[in-house]
Asker: 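Have a look at the structure that comes next, please.
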Amino acid sequence: MAQSGGVSRQHDTSLGQKFVFAALHLTSVLVSLWLLLGGGLELVASWFGQEVVVTDPQRGLLLLACTLLYFARHLLTLFYLLARKVAFSEVFGLGAFIAFFEIGFLVLGSGAFRQTAAPFSLIDGAALAMVLAGSFLNSWSELQRKWWKRDPANRGRCYTGGLFSYSMHINYFGDTVLFTGWALLTHSLVALSVPAFMAVSFVAFHIPALDAYLSQKYGAQFDAYAARTRKFIPFVY
């Protein structure tokens with residue numbers, strides 16, 4: 001099974017695709033910087049005869065920090081963690097999705113559609129903690145697996161340790177936690193549609209496809225791991 005869950009499972013450096021992906025993501029980051037700090041929101045609004053005032057610049061800066069953190073983690077994933085082949089269809093599809101939510105979160109959270117700033121509260125503290133915790137769960141679990149697989153003695157074995165001992169797809173769960181926190185920081189209910197979509201796509205599409213691939217690849221090793229380990233949410237599901 002060379003492909004599952006919409007991505008290739010073949011090992012390949014795919015450096016050209018990764019550099020294009022990184023460049024697309026950098027473009028999204030630069031657009032976000034321009035919109036918030038360079039007067040881009042007001043300029044774009046003027047093209048449509050509208051007036052937009054950034055009423056919540058402090059929240060906008062916090063959301064921009066989330067964007068920069070996610071960009072740094074994406075570079076780590078692309079150029080260190082990711083060993084499988086990356087297709088250009090994945091690059092452009094996910095690149096567009098990243099730009100959509102990064103810029104969208106920034107516009108919503110900076111107060112472009114609100115008359116007043118949303119004061120920071122305990123909810124924001126919890127949301128920021130979710131961003132940091134989700135980032136840790138995703139990146140640290142992937143690093144643990146990467147370092148384990150580097151040992152020749154583990155060649156051909158299924159990794160079941162570290163954070164993956166609590167959830168078979170702890171990296172996906174981490175991303176869901178991260179994006180839920182990120183969306184909450186915007187103070188817009190519309191933004192919550194992004195983590196909701198991601199959670200559904202993980203549970204209904206990516207996880208079943210990946211499990212089928214891993215079962216075929218590792219056989220009884222994976223099946224025993226799946227029988228004793230929660231699939232997505234540690235201690236729950």
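One-based numbering along the sequence shown.
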Asker: Is there a donor-acceptor pair closer than 3.5 Å between any side-chain N or O of Ser28 and the backbone N or O of Leu24?
Answerer: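 Not a single qualifying donor-acceptor pair exists.
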
Asker: Backbone N or O of Phe164 within a donor-acceptor pair of the Ser167 side chain at under 3.5 Å?
Answerer: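 Here the side-chain-to-backbone pair does not exist.
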
Asker: May I ask you to say whether Glu142 pairs ionically with Arg73, meaning some side-chain N is under 4.0 Å from a carboxylate O?
Answerer: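 No salt bridge links Glu142 with Arg73.
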
Asker: Within 45 degrees of the ring normal and closer than 6.0 Å to the centroid, is that where the cationic atom of Arg230 sits relative to Phe235?
Answerer: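 Judged by the rule, Arg230 and Phe235 form no cation-pi pair.
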
Asker: Can you measure from CD1 (Ile98) to OG1 (Thr27) and round to the nearest 0.5 angstrom?
Answerer: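 Going from CD1 on Ile98 over to OG1 on Thr27, the span is 11.5 Å.
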
Asker: Please report the shortest heavy-atom distance between Ser141 and Ile170, naming the atom on each side.
Answerer: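 Closest approach of Ser141 to Ile170, heavy atoms only: CB-CG2, 3.5 Å.
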
Asker: Does the pair Phe120 and Arg59 meet the rule for a side chain to side chain contact (heavy atoms under 4.5 Å, CB included), with working shown?
Answerer: CA-CA 8 Å; Phe120 288 104; Arg59 186 171 298 279; 3.7 Å; yes

Asker: With rounding to the nearest 0.5 Å, note down the distance linking CG in Asp175 to CG in Asn138.
Answerer: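 Those atoms lie 4.5 Å apart.
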
Asker: Measure from the side-chain N and O atoms of Gln144 to the backbone N and O of Leu163, and report whether any donor-acceptor pair falls under 3.5 Å.
Answerer: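 Yes, Gln144 side chain to Leu163 backbone: donor-acceptor pair under 3.5 Å.
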
Asker: Please find the pair of heavy atoms, one from Phe88 and one from Val20, that lie closest to each other, and give the distance.
Answerer: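 Closest heavy-atom pair between Phe88 and Val20: CE2-CG2, 4.0 Å.
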
Asker: Hydrophobic cluster membership, with links at side-chain heavy-atom distances under 4.5 Å among I/L/V/M/F/W/Y: are Leu30 and Trp34 in one?
Answerer: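 Yes, Leu30 connects to Trp34 through the hydrophobic network.
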
Asker: Grouping I, L, V, M, F, W and Y whenever their side-chain heavy atoms are under 4.5 Å apart, do Ile207 and Val236 come out in a common cluster?
Answerer: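 Yes, because Ile207 and Val236 connect within a single hydrophobic cluster, where side-chain heavy atoms sit under 4.5 Å apart.
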
Asker: Aromatic rings Phe79 and Phe19: how do their planes relate, parallel, tilted or perpendicular, breaks at 30° and 60°?
Answerer: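 Because their plane-to-plane angle lies in the 30° to 60° range, the rings of Phe79 and Phe19 count as tilted.
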
Asker: Shared ILVMFWY cluster between Ile123 and Leu132, side chains joined below 4.5 angstrom?
Answerer: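 The answer is no; the residues belong to distinct hydrophobic clusters.
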
Asker: Does Thr67 form a side chain to side chain contact (heavy atoms under 4.5 Å, CB included) with Phe105? I'd like the steps, not just the answer.
Answerer: CA-CA 9 Å; Thr67 296; Phe105 282 2; over 6 Å; no

Asker: So, does Thr186 use its side chain to make a donor-acceptor pair with the main chain of Ala191 at under 3.5 Å?
Answerer: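 Judged by distance alone, no pair lies under 3.5 Å.
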
Asker: Any side-chain heavy-atom pair from Tyr218 and Arg157 closer than 4.5 angstrom?
Answerer: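 Heavy-atom side-chain distance check fails, nothing below 4.5 Å.
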
Asker: Please confirm whether Phe179 and Tyr70 have ring centers closer than 6.0 angstrom.
Answerer: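 Yes, the ring centres sit under 6.0 Å apart.
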
Asker: With the side chain counted from C-beta on, respond yes when Leu178 and Met130 share a heavy-atom pair under 4.5 Å apart, and no when they do not.
Answerer: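 When only atoms from C-beta onward are counted, Met130 and Leu178 do not touch, as no gap falls below 4.5 Å.
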
Asker: Spell out, as yes or no, whether a donor-acceptor pair under 3.5 Å connects the side chain of Ser14 to the backbone of Val86.
Answerer: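 Confirmed, Ser14 side chain pairs with Val86 backbone.
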
Asker: Counting N and O atoms only, with roles assigned by atom type, does the side chain of Asn154 sit under 3.5 Å from a partner on the main chain of Lys149, one being a donor and the other an acceptor?
Answerer: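 Here the side-chain-to-backbone pair does not exist.
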
Asker: What I'd like to find out is whether the side chain of Trp182 reaches to under 4.5 Å of the side chain of Phe101, using heavy atoms alone.
Answerer: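 Sidechains of Phe101 and Trp182: in contact.
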
Asker: How far does CZ of Arg145 sit from SG of Cys158, to the nearest 0.5 angstrom?
Answerer: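 Spacing of CZ (Arg145) from SG (Cys158) equals 9.0 Å.
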
Asker: Look up atom OG in Ser32 and atom CG in Leu106, then write down how far apart they are to the nearest 0.5 Å.
Answerer: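 Output value for this atom pair is 5.0 Å.
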
Asker: Taking the ring centre of each residue, are Tyr225 and Tyr159 less than 6.0 Å apart?
Answerer: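 Here the rings of Tyr159 and Tyr225 have centres that are no less than 6.0 Å from each other.
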
Asker: Could Lys146 and Tyr80 be counted as a cation-pi pair, given that NZ or CZ must be under 6.0 Å from the ring centre and within 45° of the axis?
Answerer: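 Positive - Lys146 is close enough to the ring of Tyr80 and near enough to its axis.
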
Asker: Under 4.5 Å between any side-chain heavy atoms of Tyr172 and Val203, yes or no?
Answerer: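 They are not in side-chain contact.
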
Asker: Do Thr229 and Ser165 make a side-chain contact, defined as non-hydrogen atoms from C-beta onward lying under 4.5 Å apart?
Answerer: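 No, side chains not in contact.
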
Asker: Evaluate the side chain to side chain contact (heavy atoms under 4.5 Å, CB included) criterion for residues Tyr213 and Lys217: first the C-alpha distance (whole Å), next the side-chain angles of each, then the deciding distance (0.1 Å), finally the verdict.
Answerer: CA-CA 6 Å; Tyr213 165 78; Lys217 181 177 181 179; 3.7 Å; yes

Asker: Which heavy atom of Cys66 sits nearest to which heavy atom of Val131, and what is that distance?
Answerer: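 Scanning both residues completely, I find the closest heavy atoms to be SG-CG1, 4.1 Å.
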
Asker: Would one find more than 12 heavy atoms of other residues, nucleotides or ligands at under 6.0 Å from atom CZ of Arg155?
Answerer: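 No.
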
Asker: Kindly work out whether a path of hydrophobic side-chain contacts (I/L/V/M/F/W/Y, heavy atoms less than 4.5 Å apart) joins Leu63 to Val190.
Answerer: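 Different hydrophobic clusters.
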
Asker: What pair of heavy atoms forms the shortest contact from Gly111 to Thr55, and how long is it?
Answerer: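 Closest approach of Gly111 to Thr55: O-OG1, 3.0 Å.
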
Asker: Distance alone, cut at 3.5 Å: any donor-acceptor contact between the side chains of Asp124 and His187?
Answerer: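 Yes, because at least one side-chain N or O of Asp124 sits under 3.5 Å from a partner of the opposite role on His187.
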
Asker: Would you give the length of the straight line joining atom CG of Asp56 to atom CG of Leu61, rounded to the nearest 0.5 angstrom?
Answerer: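 Interatomic distance, Asp56 CG to Leu61 CG, rounded to 0.5 Å: 9.5 Å.
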
Asker: Could you tell me whether His169 and Phe232 have their ring centroids closer than 6.0 angstrom?
Answerer: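 No; Phe232 has its ring centre 6.0 Å or more from that of His169.
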
Asker: Let me check something: do Leu122 and Val177 share a hydrophobic cluster, defined by ILVMFWY side-chain heavy atoms less than 4.5 Å apart, either directly or through other members?
Answerer: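 No.
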
Asker: Could you tell me which non-hydrogen atom of Thr160 sits nearest to which non-hydrogen atom of Arg228, and how far apart they are?
Answerer: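 Heavy atoms only, the tightest pair is OG1-NH2, 3.6 Å.
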
Asker: How far apart are the C-alpha atoms of Lys85 and Glu90, what are their side-chain angles, what is the distance that settles it, and do they pass the salt bridge (Lys or Arg N to Asp or Glu O under 4.0 Å) test?
Answerer: CA-CA 10 Å; Lys85 181 179 180 180; Glu90 180 182 354; over 6 Å; no

Asker: For the residue pair His25 and Phe71, does the interplanar ring angle fall in the parallel (under 30°), tilted (30 to 60°) or perpendicular (over 60°) class?
Answerer: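 Ring orientation of His25 relative to Phe71: perpendicular.
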
Asker: In terms of ring plane angle, is the pair Phe97 and Phe100 parallel, tilted or perpendicular, where the classes change at 30° and 60°?
Answerer: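 Parallel: the ring planes of Phe97 and Phe100 meet at under 30°.
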
Asker: About how many Å separate CG of Leu210 and OG of Ser215, when rounded to the nearest 0.5 Å?
Answerer: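 CG of Leu210 is found 11.0 Å from OG of Ser215.
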
Asker: Do the side chain of Lys18 and the main chain of Leu82 share a donor and acceptor less than 3.5 angstrom apart?
Answerer: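 Between the backbone of Leu82 and the side chain of Lys18 there is a qualifying donor-acceptor contact (under 3.5 Å).
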
